Amino acid sequence: MALKKLLATAIVTATMTTAGIANAADTRVGLVVKALGIGFFEAAAEGAQEAAKELGDVEVIYTGPTTTTAEGQIEVINSLIAQKVDAIAVSANDQDALVPILKKAQQRGIKVMSWDSGVAPDGRQVHLNPSSNALIGEMNIKLASDAVKATGSDSGEIAILSATPTATNQNIWIEEMKKVLPNYAGLTLVDTVYGDDLADKSYREAVALMKNHPNLKAIVAPTTVGILAAAQAVQDEGKIGQVYVTGLGLPSELAGHVDSGAIKSFAIWNPIDLGYSATMISYNLVKGNASDSEVGMGRMGTAKLDADGSAAMAEPFIYDASNVHKFAEIF
Ligand code: RAM
């Protein structure tokens with residue numbers, strides 16, 4: 001009996017100590033993603049953990065809804081406010097819908113930034129783009145043009161398979177794609193559809209694109225979830241060589257589809273560096289180490305902020321059969 005009690009006390013003490021260590025983190029950052037279970041965000045979380053380890057006194061709370069909705073993110077953010085985190089860094093499912101809850105967070109002294117997919121300036125202090133939006137848009141159309149050429153033709157129909165209709169980042173990239181499209185005389189954009197960054201919906205939308213547009217030559221998916229689902233759909237529909245998939249994706253998820261021939265080339269930036277940088281910026285905001293024009297990102301250098309507090313990281317990188325397997329080991 002006495003031993004049991006002793007053991008029970010020991011367990012309680014151990015638990016308290018663990019809790020004590022967790023609470024000892026001087027700075028707690030809530031890293032809110034569009035939805036849980038997306039490889040791109042898991043890679044970003046890996047970078048966030050790297051930053052936390054480097055800083056030493058930071059705890060990252062990786063969280064997000066189960067589907068890509070603003071409502072789900074509002075719930076998650078409410079809970080982070082209740083937990084009195086020091087900073088919230090969010091990839092937004094809707095740039096406007098999150099503003100009221102993020103204003104509430106800011107009123108309570110929580111530093112707020114967006115990364116990847118932005119929040120309107122009213123709801124956050126800083127926004128970190130992975131790269132220049134114009135460059136991402138242009139790169140996607142260039143990749144689409146290369147994909148059409150891979151079918152053996154100089155001209156042809158292309159379609160966009162996006163994430164949600166309210167995703168800030170994809171909507172800006174689509175706008176940028178449309179701006180440069182007139183420079184590619186052979187390309188005709190016949191459709192834009194939304195898979196909501198859900199694997200099954202993206203797959204169904206890709207199948208429907210091929211059914212509705214029998215002459216389609218390329219599907220451009222500026223989303224890691226969409227591009228993977230579309231490549232699978234092309235393979236399952238027996239359209240390899242006839243329809244090429246391109247856009248933004250992870251080498252680790254797409255290497256097999258480059259091997260199968262459903263994808264010739266695609267692009268992405270380093271998601272680990274993105275999550276790392278978002279965490280470093282959050283930390284510096286909390287510590288008051290940011291000016292109106294710049295904020296540090298640790299090993300990634302300094303983010304230069306424009307008038308509305310946005311910054312952009314490096315150029316995306318292109319992957320194909322020559323390098324995809326090498327990078328598949330990293331992200
Ligand atoms: C998906 C998400 C994310 C986007 C990438 C390219 O993982 O939509 O926001 O940046 O694709």
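If you're wondering where the values come from, they're calculated on a predicted model, not measured in any experiment. Atoms considered below: every heavy atom in the structure, side chains included; atoms not considered: hydrogens, waters and symmetry mates.
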Please determine whether the number of non-hydrogen atoms from other residues, nucleotides or ligands lying under 6.0 Å from atom [atom1] of [X] exceeds 12.
X    : atom1 : value
E315 : CD    : no
N323 : CG    : yes
D292 : CG    : no
K287 : NZ    : yes

Can you tell me how far apart [atom1] ([X]) and [atom2] ([Y]) are? Round to the nearest 0.5 Å.
X    : Y    : atom1 : atom2 : answer
I240 : Q242 : CD1   : CD    : 10.5 Å
T302 : L305 : OG1   : CG    : 10.0 Å
N169 : N129 : CG    : CG    : 8.5 Å
K264 : D320 : NZ    : CG    : 7.0 Å
S202 : E205 : OG    : CD    : 8.0 Å
N133 : I174 : CG    : CD1   : 12.0 Å

Is the closest side-chain heavy-atom distance between [X] and [Y] below 4.5 Å?
X    : Y    : value
R124 : V90  : no
S114 : L98  : no
N270 : M313 : no
P251 : I330 : no
F331 : I268 : yes
V258 : F266 : yes
V99  : V119 : yes
V33  : E42  : no

What closest approach, in Å, do [X] and [Y] show between heavy atoms, and which atom pair accounts for it?
X    : Y    : answer
P165 : N171 : O-ND2, 2.8 Å
V225 : A199 : CG1-N, 3.7 Å
G156 : V148 : N-CG1, 4.0 Å
E138 : V180 : CA-CG2, 4.0 Å
N289 : V295 : O-CG2, 4.2 Å
I263 : A231 : CD1-CB, 3.9 Å

Exercise for the section: Please step through side chain to side chain contact (heavy atoms under 4.5 Å, CB included) for the pair V286 and V29, ending with a clear verdict. Expected result: CA-CA 9 Å; V286 171; V29 179; 5.8 Å; no
Problem - Test side chain to side chain contact (heavy atoms under 4.5 Å, CB included) applied to Q95 and H127, step by step - result: CA-CA 11 Å; Q95 64 168 353; H127 172 64; over 6 Å; no
Is a side-chain N or O of [X] found less than 3.5 angstrom from the main chain of [Y], in a donor-acceptor match?
X    : Y    : value
D94  : T166 : no
T168 : G118 : yes
S265 : Y319 : no
Y62  : A48  : no
S117 : A92  : yes
Q73  : S91  : yes
R108 : K84  : no
S277 : D273 : yes
W115 : L274 : no
S153 : K149 : no

State yes or no: do [X] and [Y] share one hydrophobic cluster built from I, L, V, M, F, W and Y residues joined by side-chain heavy-atom distances below 4.5 Å, directly or via other members?
X    : Y    : answer
I88  : I281 : no
V193 : V245 : yes
I38  : I227 : yes
L198 : L248 : no
Y244 : L209 : no

Exercise for the section: Show the numbers, then the answer: is there a salt bridge (charged side-chain N to carboxylate O under 4.0 Å, His left out) between K304 and E294? Expected result: CA-CA 5 Å; K304 304 276 177 214; E294 56 179 48; 2.8 Å; yes
Handout entry: From CA spacing to verdict: side chain to side chain contact (heavy atoms under 4.5 Å, CB included), L55, D26
Key = CA-CA 10 Å; L55 292 164; D26 181 52; over 6 Å; no
Problem - For D197, the option from T68, N93, T223, T164 that meets side chain to side chain donor-acceptor pair (under 3.5 Å) - result: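 The side chain to side chain donor-acceptor pair (under 3.5 Å) with D197 is passed solely by T223 among T68, N93, T223, T164.
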Exercise for the section: Take D259 and H325, measure what side chain to side chain donor-acceptor pair (under 3.5 Å) needs, and give me the verdict at the end. Expected result: CA-CA 10 Å; D259 293 343; H325 284 282; 3.0 Å; yes
Handout entry: Under-4.0 Å salt bridge between K178 and E175
Key = no
Practice task
Specify whether F317 and F327 have parallel, tilted or perpendicular ring planes, treating 30° as the upper limit for parallel and 60° as the lower limit for perpendicular.
Solution key: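 Tilted.
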Handout entry: Test log, rule side chain to side chain contact (heavy atoms under 4.5 Å, CB included), inputs L254 and L228
Key = CA-CA 6 Å; L254 299 180; L228 177 59; 3.9 Å; yes
Handout entry: From CA spacing to verdict: side chain to side chain donor-acceptor pair (under 3.5 Å), S79, Q83
Key = CA-CA 6 Å; S79 148; Q83 290 174 60; 3.1 Å; yes
